[in-house]
Amino acid sequence: EAFLLAQKLAGIAAVVCDANRIAAGHWAVKELGIDVFLLDDGYQHLQLARDLNVLVIDATDPWGGNRLLPTGRLREPLAGISRTDCIVVTRAEDPEIVKTVIGQLQKHAASPIFTSRMRTTGVRRLSGESVGESEFSKKFSAFCGVGNPESFYRQLRSAGFILAATQSFPDHHKFQQRDIEEICAKALAAGAIGLITTAKDAVKLQSLEFKLPCSVLEIEVAIEQEESLLALLQGALTKTQE
């Protein structure tokens with residue numbers, strides 16, 4: 001993820017990774033002159049002071065099985081929602097599901113709530129060249145190692161892809177050549193003409209060999225009420241500079 005972010009943000013922002021976030025922050029200030037930090041998965045890092053607490057909730061899996069780690073996927077009780085300054089509900093394609101999720105969130109916090117959707121922006125080969133939309137209607141086999149694989153498969157189908165087969169691996173899976181051979185064998189047996197995966201997984205596949213062409217789905221987040229969210233972010237930045 002960090003490598004993918006660094007590629008996307010080249011010339012815009014620095015991407016710094018360290019298990020000790022406080023030490024990383026001090027290093028970034030000293031060495032890079034950083035004056036604004038945006039933390040990924042920083043909500044539970046309570047030892048770090050923050051100027052804006054943004055809670056991101058996946059509408060397709062909002063409550064992590066209603067259990068805390070390790071039996072569920074929740075990192076803390078739902079009471080922790082009360083700390084948020086604003087909430088972004090992602091994958092908000094189903095209006096009824098979103099309405100239910102927002103209703104539950106409002107029981108815990110009065111913070112502004114924004115919604116977002118994943119939007120397909122294109123498809124490219126693993127080697128980099130673009131794939132034309134005429135390819136979308138052909139049979140592909142999809143594979144991924146992300147936290148919500150079903151969301152990826154839904155995104156592909158909504159873009160017009162016919163999925164001959166799917167294969168899911170654990171989140172952050174480090175693919176080996178034997179995985180690719182298994183994926184290709186399953187795809188060929190299902191009659192697929194190629195493979196397709198996520199941009200997050202693609203950065204881990206460059207050194208591996210494929211018997212079928214491998215494509216990468218490119219997406220972006222489309223936020224409703226985007227101007228209001230940006231105003232909230234700008235307000236927090238302005239306040240810290242006063």
Side-chain angles (χ1 to χ4, degrees), residues 1-17 36-44 50-64 73 75 81 84-102 104-106 109 111-124 130-131 133 136 142-161 168 171-172 196-204 215-237:
E1 285 185 46
F3 185 75
L4 178 61
L5 283 172
Q7 287 182 320
K8 297 289 186 182
L9 296 174
I12 300 172
V15 177
V16 179
C17 296
V36 176
F37 290 92
L38 175 62
L39 270 66
D40 179 34
D41 285 339
Y43 200 80
Q44 281 79 35
R50 67 282 312 276
D51 298 290
L52 191 70
N53 229 5
V54 181
L55 178 63
V56 179
I57 295 286
D58 183 342
T60 65
D61 182 26
W63 316 123
R73 294 180 299 283
R75 299 182 184 183
I81 294 171
T84 187
D85 294 306
C86 71
I87 300 170
V88 179
V89 179
T90 65
R91 298 188 175 96
E93 280 75 25
D94 189 313
E96 289 303 313
I97 291 177
V98 172
K99 181 179 179 181
T100 300
V101 170
I102 289 177
Q104 291 173 304
L105 289 168
Q106 289 172 332
S111 309
I113 299 177
F114 304 91
T115 56
S116 73
R117 293 176 171 82
M118 295 297 184
R119 182 164 57 203
T120 299
T121 59
V123 177
R124 61 176 172 83
S130 297
V131 174
E133 290 190 13
F136 291 15
F143 70 98
C144 62
V146 297
N148 190 337
E150 289 304 320
S151 177
F152 171 54
Y153 304 144
R154 282 196 299 270
Q155 188 76 28
L156 286 170
R157 292 187 178 102
S158 68
F161 283 91
S168 305
D171 195 15
H172 304 294
I196 189 162
T197 190
T198 71
K200 174 183 169 182
D201 292 304
V203 298
K204 296 175 281 188
S215 299
V216 182
L217 182 72
E218 297 283 5
I219 59 174
E220 66 179 11
V221 177
I223 300 176
E224 295 186 15
Q225 314 98 9
E226 182 178 0
E227 290 186 3
S228 297
L229 177 57
L230 290 175
L232 188 64
L233 296 172
Q234 186 60 52
L237 291 173

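Any value given below was found using the heavy atoms of this structure, including those in side chains, with hydrogens, waters and symmetry copies removed. Numbers for residues simply follow the sequence, beginning at 1. Predicted model only: the values in this text are computed from it and were never measured.
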What verdict does the side-chain contact (heavy atoms from CB on, under 4.5 Å) test give for Thr198 and Val216, after you've listed the backbone C-alpha separation in whole Å, the side-chain angles of each residue and the deciding distance to 0.1 Å? CA-CA 6 Å; Thr198 71; Val216 182; over 6 Å; no
Check your understanding: Could you go step by step and tell me if Val221 and Thr90 meet the side-chain contact (heavy atoms from CB on, under 4.5 Å) rule?
Key -> CA-CA 8 Å; Val221 177; Thr90 65; 5.9 Å; no
Derivation of the side-chain contact (heavy atoms from CB on, under 4.5 Å) call for Glu1 and Asp40: CA-CA 10 Å; Glu1 285 185 46; Asp40 179 34; 3.9 Å; yes
message: salt bridge (charged side-chain N to carboxylate O under 4.0 Å, His left out), that's the test. Do Asp171 and Lys200 meet it? Break it down for me.
response: CA-CA 10 Å; Asp171 195 15; Lys200 174 183 169 182; 2.7 Å; yes
Val89 and Val56: CA distance, side-chain angles, deciding distance, side-chain contact (heavy atoms from CB on, under 4.5 Å) verdict: CA-CA 6 Å; Val89 179; Val56 179; over 6 Å; no
Requested in this report: Any chance you could lay out the salt bridge (charged side-chain N to carboxylate O under 4.0 Å, His left out) test for Glu150 and Arg91, step after step, and finish with the verdict?
Outcome: CA-CA 11 Å; Glu150 289 304 320; Arg91 298 188 175 96; over 6 Å; no
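Put simply, CD on Gln106 and CD1 on Ile81 are 11.5 Å apart, with the number rounded to the nearest 0.5 Å. Atom CD1 of residue Ile223 and atom CG of residue Leu230 lie 7.0 Å apart, to the nearest 0.5 angstrom. Distance check: Ile113 CD1 to Ile102 CD1 gives 5.5 Å after rounding to the nearest 0.5 Å. To the nearest 0.5 Å, atoms CG (Asp201) and SG (Cys144) are separated by 6.0 Å. Put simply, CD on Gln225 and SG on Cys86 are 11.5 Å apart, with the number rounded to the nearest 0.5 Å. Atom CG of Leu156 is separated from atom CD1 of Ile196 by 5.0 Å, given to the nearest 0.5 angstrom.
Contact of the Arg50 side chain with the Leu39 side chain is not registered, since no non-hydrogen atoms from C-beta on lie closer than 4.5 Å. Residues Val88 and Leu229 meet the side-chain proximity criterion, which asks for heavy atoms closer than 4.5 Å. A heavy-atom distance below 4.5 Å is not found between the side chains of Leu217 and Arg124. Between Thr121 and Ile219, the closest side-chain pair of non-hydrogen atoms is not below 4.5 Å. The closest side-chain heavy-atom distance from Val123 to Phe161 is below 4.5 Å. Side-chain contact between Thr84 and Val54: absent, with no pair of heavy atoms (C-beta onward) separated by less than 4.5 Å. The shortest distance between side-chain heavy atoms of Ser168 and Phe152 does not fall below 4.5 Å. Val101 has its side chain within reach of Trp63: a pair of non-hydrogen atoms, C-beta onward, lies under 4.5 Å apart.
No hydrogens or angles considered: a donor-acceptor pair under 3.5 Å links the side chains of Gln155 and Thr120.
Nearest heavy atom pair, residue Asp61 against residue Gly64, reads OD1-N, 3.8 Å. Taking each heavy atom of Ala59 and Val98 in turn, the nearest pair found is CB-CG2, 4.4 Å. The two residues Phe136 and Val131 have their closest heavy-atom pair at CE1-O, 4.2 Å. Nearest heavy atoms, Ser111 versus Asp85: CB-O, 3.6 Å. Pairing each heavy atom of Glu93 with each of Met118, the nearest pair is OE2-N, 3.4 Å.
Under a 3.5 Å cut-off, the side chain of Tyr43 and the backbone N or O of Arg75 do not form any donor-acceptor pair. Using a distance-only test at 3.5 Å, with no hydrogens or angles considered, a donor-acceptor pair links the side chain of Thr197 to the main chain of Phe143.
Counting heavy atoms of neighbouring residues, nucleotides and ligands inside a 6.0 Å radius, atom CG of Leu38 does not exceed 12 of them. Open room surrounds CD on Glu133; 12 or fewer heavy atoms of other groups in view lie less than 6.0 Å from it.
Using a cut-off of 4.0 Å between Lys/Arg side-chain N and Asp/Glu carboxylate O, Glu220 and Lys8 are scored as not salt-bridged.
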